[in-house]
Amino acid sequence: MIRDDLTQLIERAIKKAQKKGDLPQFDLPEVTIERPKEAAHGDYATPVCLGMARLARMAPVRIAERVVARMDRPDFIGSVAVAHPGFINVTLSDAWVAAQVETILQERERFGHVNLGGGRRVQVEYISANPTGPLTIGSGRNAVLGDTLANVLAAAGWQVQREFYVNDMGTQIELFAASLYARYAQALGHDEPLPEEGYPGGYLVEMGKEIAAEFGDRFLRMERDEAIRALRAEGLTRMLASIKADAGALGVHFDHWKSEQSLYDDSVYGTVFNKLSSEGWLVHREGAIWFRSDLEDRQDSGSGDEDRQREKREDKDNVVVRSDGRPTYFASDIAYVGDKLVIRGFDWAIYVWGADHHGHVSRMKAVTRALGLDPNRVTFILYQLVTLKRGGELVRMGKRTGEIITLREVVEEIGADATRFMLLTRSADSQMELDLTLAVQQSSENPVYYVQYGHARIASIFRYARERGVSLEGGDVSLLTHPAEQALIRQMIRLPEVVALCAETLSPHHLTHYAQELASAFHSFYKECRVVSDDPAHTELGKARLKLVLAAKTVLANTLHLMGVSAPEAM
RNA sequence: GCCCCAGUAGCUCAAUGGAUAGAGCGCCUGACUUCGAAUCAGUAGGUUGGGGGUUCGAGUCCCUCCUGGGGCGCCA
């Protein structure tokens with residue numbers, strides 16, 4: 001990336017200035033390159049000389065002048081300027097900018113990719129909603145974050161696996177099975193009450209009817225426990241199929257569905273448990289088995305580990321096995337992290353969790369450390385919960401309370417593209433309020449259409465060009481010197497930087513903002529510059545501009561696809 | 001009580017410690033007999049919740065207070 005080239009260019013210039021005696025000797029500070037907000041400040045800028053003022057005991061502007069004097073000028077540099085109070089502003093060469101159109105046309109769908117991952121393996125685990133009900137809009141935010149993050153990491157050179165963790169054992173699935181049994185029995189006319197704490201949602205009534213219609217009274221003729229066991233399996237299969245379909249409707253597909261139960265069946269849990277136990281991490285107390293966190297501080301004090309997430313250390317012990325012998329959810333999580341990092345050998349495991357699971361992060365980090373693994377190999381993306389309203393009224397929602405606004409409902413109302421874009425625009429840290437009534441009303445003015453319109457408009461230009469028999473063959477991109485053309489290309493070549501930013505900060509929402517800026521640059525260009533024209537004097541420029549808009553179409557499509565949004569040829 | 005996240009234009013939200021805090025929606029003014037007006041060009045709108053501090057420079061970092069959300073179970 002140009003940005004990295006610039007960093008090196010400036011670093012070399014500083015060292016050279018020191019060597020030649022223009023600047024005193026001091027340790028090089030980190031050279032940061034930023035994109036100035038003000039167009040007049042060029043394409044890139046660095047404030048590094050401001051920070052060097054004290055080290056060099058010189059005025060920042062003087063330092064900047066001496067650094068600039070020692071800078072090499074490779075072909076991509078247009079001009080370099082020093083600006084008060086000591087910025088170095090770099091403007092790219094217009095000729096080099098224009099030439100990037102050819103680069104984009106060569107790289108096509110790979111344009112925007114960067115190699116930060118170096119082929120290392122990362123697993124992104126997302127949604128992982130309990131398979132006891134349909135996906136909610138909250139799961140939608142999880143899905144969009146995780147899925148887009150996976151796209152971004154893949155574009156950033158990581159080998160990515162997308163995983164859905166299926167909680168197919170434990171209290172909730174038992175309640176689900178018992179609830180289903182009741183609904184099934186009711187469908188056959190029996191007066192079977194819903195269990196206490198059961199799932200009251202209407203979807204189970206439907207499922208009970210379906211199973212009754214398909215299997216008749218087969219399950220009623222069994223022992224009750226046996227029937228519930230059979231219905232649990234049947235219900236789980238149906239629920240997972242429904243979840244898969246709901247996720248698919250949003251364009252989300254998984255590489256692997258990991259069963260929680262399999263962690264026990266495949267003795268992953270046993271292996272991990274024995275390791276922790278033999279190393280003294282587990283303690284028996286009050287009839288239960290606890291993971292102790294008090295060992296932690298002694299273990300690696302001063303080890304200098306730099307957590308990506310500055311979490312508070314876990315300060316309390318947590319139950320792994322209940323006094324009745326049943327493992328807790330935490331027990332599964334322990335086995336699962338071992339499964340991810342050791343057995344399957346992922347270099348990095350990313351979990352996408354709602355903020356309500358925040359309290360579990362520190363104990364997961366603690367367990368990872370206890371297993372002798374680098375805690376930086378697990379990262380938790382926490383997103384703030386979505387509060388829902390309908391017509392201004394708060395909707396209290398939950399699978400266990402029965403009232404649900406399903407993801408499918410929203411996708412059917414406003415479409416997958418608008419849903420994804422809407423859920424992706426905000427950073428994960430911001431709590432969002434979603435009024436379904438308003439969202440439906442406003443879906444037609446969702447900015448996603450502005451971006452897609454740009455893509456469709458270009459497709460239309462090509463349809464028109466074909467009618468006129470105009471092609472881009474032999475187009476000379478060096479003719480692209482118009483300010484609107486240059487501005488558009490400058491936006492286009494930002495994509496790799498945006499991908500890098502999203503991957504480094506694990507915040508894919510930058511994509512939505514970039515997409516709008518890119519589309520805006522295109523629409524401005526379109527208004528100012530005629531692409532296809534009958535004017536003979538325009539022929540050469542027209543060919544060059546066809547190349548430009550094809551490149552723009554490519555970058556728009558790549559950006560949209562990273563977000564999991566379609567790039568329509570017409571709309 | 002303790003911990004985490006947030007508070008920025010009327011609304012929804014951006015802004016790797018940098019220059020004059022930006023978009024979209026909404027408001028107002030202009031632009032379609034030539035490639036798609038789901039568009040473009042422009043106007044208005046701000047004490048970045050309050051108060052201290054660090055820094056050459058703070059929306060961003062630290063302290064404190066206020067408001068909202070979430071967590072602190074042998075629940076998941």
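Chain naming here is simple, since letters A, B, ... match the order of the sequence lines and numbering starts at 1 in each.
- Using P as the reference atom, B/rC66 and B/rG51 are 15 Å apart when rounded to the nearest Å.
- By the 4.0 Å N-to-carboxylate-O rule, A/Asp339 lies close enough to A/Lys258 to be salt-bridged with it.
- Rounded to whole Å, the C1' atom of B/rG50 lies 22 Å from the corresponding atom of B/rU55.
- For the side chain to side chain donor-acceptor pair (under 3.5 Å) test, residues two or more places apart in sequence or in another chain that qualify with A/Tyr329 are A/Asn167.
- Going from atom CG of A/Leu434 over to atom P of B/rC11 covers 18 Å, rounded to whole Å.
- Contact check on A/Arg3 versus A/Glu497 returns a salt bridge, with a Lys/Arg side-chain nitrogen under 4.0 Å from an Asp/Glu carboxylate oxygen.
- No option in A/Arg494, A/Arg35, A/Arg490, A/Lys37 other than A/Arg494 meets the salt bridge (charged side-chain N to carboxylate O under 4.0 Å, His left out) test with A/Glu517.
- As judged by a 4.0 angstrom heavy-atom cut-off over every strand, A/Ser430 is placed among residues touching the sugar-phosphate backbone only.
- Between the NE2 atom of A/His360 and the C1' atom of B/rG71 there is a distance of 8 Å, given to the nearest Å.
- A/Met432 has its CE atom 17 Å from the P atom of B/rC11, to the nearest Å.
- Sorted by first and then second residue, the salt bridge (charged side-chain N to carboxylate O under 4.0 Å, His left out) pairs involving residues 456-473 of chain A (not counting sequence neighbours) are A/Arg468-A/Asp534.
- The gap from the C1' atom of B/rG45 to that of B/rC25 amounts to 14 Å, rounded to the nearest Å.
- A/Cys49 comes within 4.0 angstrom of nothing in the nucleic acid, heavy atoms only.
- In the model, A/Gln452 has a side-chain atom that pairs as donor or acceptor with a side-chain atom of A/Ser566 under 3.5 Å.
- Both geometric conditions, a ring-centre gap below 5.5 Å and a plane tilt below 30°, are not fulfilled together for A/Tyr329 over the base of B/rC75.
- If you check every strand for non-hydrogen atoms under 4.0 Å, A/Ser427 touches sugar and phosphate atoms only.
- Considering every non-hydrogen atom in both A/Thr425 and A/His513, the closest pair reads O-NE2, 3.5 Å.
- For A/Leu116, the side-chain contact (heavy atoms from CB on, under 4.5 Å) test picks out A/Val114, A/Ala156, A/Ala500, A/Ala503, A/Glu504, with sequence neighbours left out.
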Could you go through nucleotides 25-33 of chain B and list every protein N or O atom that sits under 3.5 Å from one of its N or O atoms, giving the distance for each pair?
| residue | atom | partner | partner atom | Å |
| --- | --- | --- | --- | --- |
| B/rC25 | O2' | A/Glu445 | OE2 | 3.4 |

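- Looking at A/Asp168 and A/Ser259, their side chains do bring a donor and an acceptor atom within 3.5 Å of each other.
- Nucleotides B/rA21 and B/rG7 have their C1' atoms positioned 16 Å apart, rounded to a whole Å.
- When the nucleotides B/rC13, B/rG24, B/rC74 are ranked by their closest atom to the side chain of A/His513, B/rC13 comes out on top.
- Looking at every heavy atom in both residues, A/Ala56 comes nearest to A/Phe26 through CB-CE2, 3.7 Å.
- Applying the salt bridge (charged side-chain N to carboxylate O under 4.0 Å, His left out) test to residues at least two apart or on different chains, none of the pairs has a partner in residues 131-145 of chain A.
- If you check every strand for non-hydrogen atoms under 4.0 Å, A/Glu517 touches nothing.
- Within the nucleic acid shown, A/Tyr526 comes within 4.0 Å of at least one base atom, counting heavy atoms only.
- Taking atom CZ of A/Arg426 as the reference point, atom C1' of B/rG69 lies 16 Å away to the nearest angstrom.
- Residue A/Ile461 contributes atom CD1, which lies 12 Å from atom C1' of B/rU39 at whole-angstrom precision.
- If you check every strand for non-hydrogen atoms under 4.0 Å, A/Ala456 touches a base.
- Looking at A/His523, its side chain has no donor and acceptor atom pair within 3.5 Å of the base of B/rA38.
- Within the structure, the salt bridge (charged side-chain N to carboxylate O under 4.0 Å, His left out) test picks out the following pairs touching residues 545-554 of chain A (sequence neighbours left out): A/Glu102-A/Lys547, A/Glu485-A/Arg545, A/Lys553-A/Glu569.
- Residues forming a side-chain contact (heavy atoms from CB on, under 4.5 Å) with A/Asp27 (at least two apart in sequence, or on another chain): none.
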Dot-bracket, RNA chain B: Watson-Crick or G-U, under 3.5 angstrom, [ ] crossing, | other strand?
(((((((..((((....[...))))..((((.......))))......(((((..]....))))))))))))....
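- Minimum atom distance to the side chain of A/Trp290 is reached by B/rC74, of the listed B/rA76, B/rA14, B/rC74.
- Within 4.0 Å (heavy atoms only), A/Ala355 reaches sugar-phosphate atoms of the nucleic acid but no base atom.
- One can place OH of A/Tyr165 at 11 Å from C1' of B/rA76, the figure rounded to the nearest angstrom.
- In summary, A/Asp535 and A/Arg530 do not engage in a salt bridge, as defined by a charged side-chain N under 4.0 Å from a carboxylate O.
- A side-chain N or O of A/Glu260 and one of A/Ser332 form a donor-acceptor pair less than 3.5 Å apart.
- Distance CD (A/Gln491) to C1' (B/rA23): 12 Å, rounded to an integer number of Å.
- We find that CZ of A/Phe522 is positioned 13 Å from P of B/rC35, with the value rounded to whole Å.
- Comparing the C1' positions of B/rA14 and B/rU8 gives an interatomic distance of 10 Å, to the nearest angstrom.
- Sorted by first and then second residue, the pairs that involve residues 319-330 of chain A and meet salt bridge (charged side-chain N to carboxylate O under 4.0 Å, His left out), not counting sequence neighbours, are A/Asp324-A/Arg326.
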Protein-nucleotides 16-19 of chain B N/O pairs under 3.5 Å:
| residue | atom | partner | partner atom | Å |
| --- | --- | --- | --- | --- |
| B/rU16 | O4 | A/Glu34 | OE1 | 2.4 |
| B/rA19 | OP2 | A/Lys37 | NZ | 3.2 |
| B/rA19 | N6 | A/Asn89 | OD1 | 2.8 |
| B/rA19 | N1 | A/Asn89 | OD1 | 3.2 |
| B/rA19 | N1 | A/Asn89 | ND2 | 3.2 |

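- Between the P atoms of B/rC13 and B/rU33, the separation comes to 40 Å (whole Å).
- When the nearest nucleotides of RNA chain B are assigned to A/His509 and A/Ser323 by heavy-atom distance, the more 5′-ward of the two goes with A/His509.
- Of the side-chain N and O atoms in A/Arg322, one or more sit less than 4.0 angstrom from OP1 or OP2 of B/rC75.
- Judged as a side-chain contact (heavy atoms from CB on, under 4.5 Å), and not counting sequence neighbours, the contacts of A/Leu501 are A/Thr505, A/His510.
- B/rA6 and B/rU60 have their P atoms separated by 12 Å, given to the nearest Å.
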Can you tabulate the close N/O pairs, meaning under 3.5 Å, that link protein atoms to atoms of nucleotides 41-49 of chain B?
| residue | atom | partner | partner atom | Å |
| --- | --- | --- | --- | --- |
| B/rA41 | OP1 | A/Ser524 | OG | 2.8 |

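- The P atoms of B/rG71 and B/rA23 are separated by 37 Å, rounded to the nearest whole Å.
- Residue A/Leu385 is the one, among A/Leu385 and A/His357, whose nearest nucleotide of RNA chain B lies closer to the 5' end (criterion: closest heavy atom).
- Which of B/rC74, B/rA37, B/rA38 sits closest to the side chain of A/Tyr449 comes down to B/rA38.
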